[in-house]
Amino acid sequence: MKYMVVETFKPGAKDAVYERFERLGRQLPTGLNYLDSGLTQDGTKCFQLMETEDAQLFDEWIGKWSDLVDFKTVPVNDSPTKRQTKAARSADD
């Protein structure tokens, strides 16, 4: 299952978030997979596309960042356009 994770950095925590990320990486538990991400222009909100079969792994990961970041995790499906593209590619093979 895929999830869109919206991370909002707590006030004044932006530099600490980037420092921890540079030092320790994402700190993802095994089974929680990072797919892609993007940032707002001011760099205080991050949108991460992630995938896992065990949503409870988010609790472990969020616990490592919750002092600096507020999280919202939303299950998502591929868009119909992406599913059509994947199906067309499979038919060509």
Side-chain angles (χ1 to χ4, degrees):
M1 179 86 194
K2 290 182 183 173
Y3 296 83
M4 180 60 67
V5 180
V6 181
E7 301 179 15
T8 304
F9 303 166
K10 293 184 179 184
K14 181 172 111 174
D15 290 342
V17 169
Y18 290 113
E19 187 278 329
R20 184 180 297 173
F21 177 78
E22 287 295 318
R23 191 168 36 90
L24 301 172
R26 282 192 176 78
Q27 303 184 80
L28 295 174
T30 301
L32 181 57
N33 303 304
Y34 165 84
L35 300 175
D36 200 5
S37 64
L39 291 166
T40 56
Q41 284 187 328
D42 67 0
T44 61
K45 191 173 284 197
C46 182
F47 302 88
Q48 295 199 57
L49 183 60
M50 306 186 81
E51 189 170 45
T52 187
E53 295 302 319
D54 182 1
Q56 291 182 351
L57 293 173
F58 281 108
D59 293 336
E60 181 180 340
W61 176 60
I62 288 170
K64 295 177 181 180
W65 290 96
S66 61
D67 60 322
L68 300 174
V69 180
D70 292 318
F71 290 84
K72 183 173 182 178
T73 304
V74 182
V76 296
N77 294 316
D78 286 337
S79 70
T81 304
K82 184 172 182 175
R83 287 192 300 265
Q84 290 169 355
T85 302
K86 285 166 96 174
R89 285 186 193 147
S90 294
D92 291 340
D93 293 339

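Sequence positions, counted from 1, serve as the residue numbers for this chain.
Applying the salt bridge (charged side-chain N to carboxylate O under 4.0 Å, His left out) test to E51 and every residue at least two apart in sequence or in another chain returns nothing. Here F47 pairs with nothing under the ring pair (Phe, Tyr, Trp, His ring centres under 6.0 Å) rule; sequence neighbours left out. Taking the salt bridge (charged side-chain N to carboxylate O under 4.0 Å, His left out) definition, one finds that D67 meets it with R20, sequence neighbours left out. Shown here are the salt bridge (charged side-chain N to carboxylate O under 4.0 Å, His left out) partners of D70, two or more places apart in sequence or in another chain: K10. With sequence neighbours excluded, the residues forming a side chain to side chain contact (heavy atoms under 4.5 Å, CB included) with P75 are M1, Y3, listed by chain and number. Looking at residues two or more places apart in sequence or on another chain, you find a side chain to side chain contact (heavy atoms under 4.5 Å, CB included) between D54 and T52, Q56, L57. Residues meeting the side chain to side chain donor-acceptor pair (under 3.5 Å) test with S37, sequence neighbours left out: Y34.
With rounding to the nearest 0.5 angstrom, the OG1 atom of T44 is 11.5 Å from the CD atom of E7. To the nearest 0.5 angstrom, T30 atom OG1 is 8.5 Å from E60 atom CD.
Within the structure, every pair that satisfies the salt bridge (charged side-chain N to carboxylate O under 4.0 Å, His left out) test and touches residues 21-45, not counting sequence neighbours, is listed here: E19-R23. Applying the ring pair (Phe, Tyr, Trp, His ring centres under 6.0 Å) test to residues at least two apart or on different chains, the pairs with a partner in residues 4-25 are F9-Y18.
Heavy-atom minimum distance, G63 versus S66: O-OG, 3.8 Å. Of all heavy-atom pairs between L39 and C46, the closest is CD2-CB, 3.6 Å.
V74 and V5 are assigned to two separate hydrophobic clusters, defined by single-linkage of ILVMFWY side chains at heavy-atom distances under 4.5 Å. When hydrophobic clusters are built by joining Ile, Leu, Val, Met, Phe, Trp and Tyr residues whose side-chain heavy atoms come closer than 4.5 Å, directly or via intermediates, L28 is not grouped with M4.
Contact check for M50 versus N33: no side-chain heavy atoms found under the 4.5 Å cut-off. No side-chain heavy atom of T8 sits under 4.5 Å from any side-chain heavy atom of V69.
A ring pair (Phe, Tyr, Trp, His ring centres under 6.0 Å) with F71 is found for exactly one of W61, W65, F58, namely W61.
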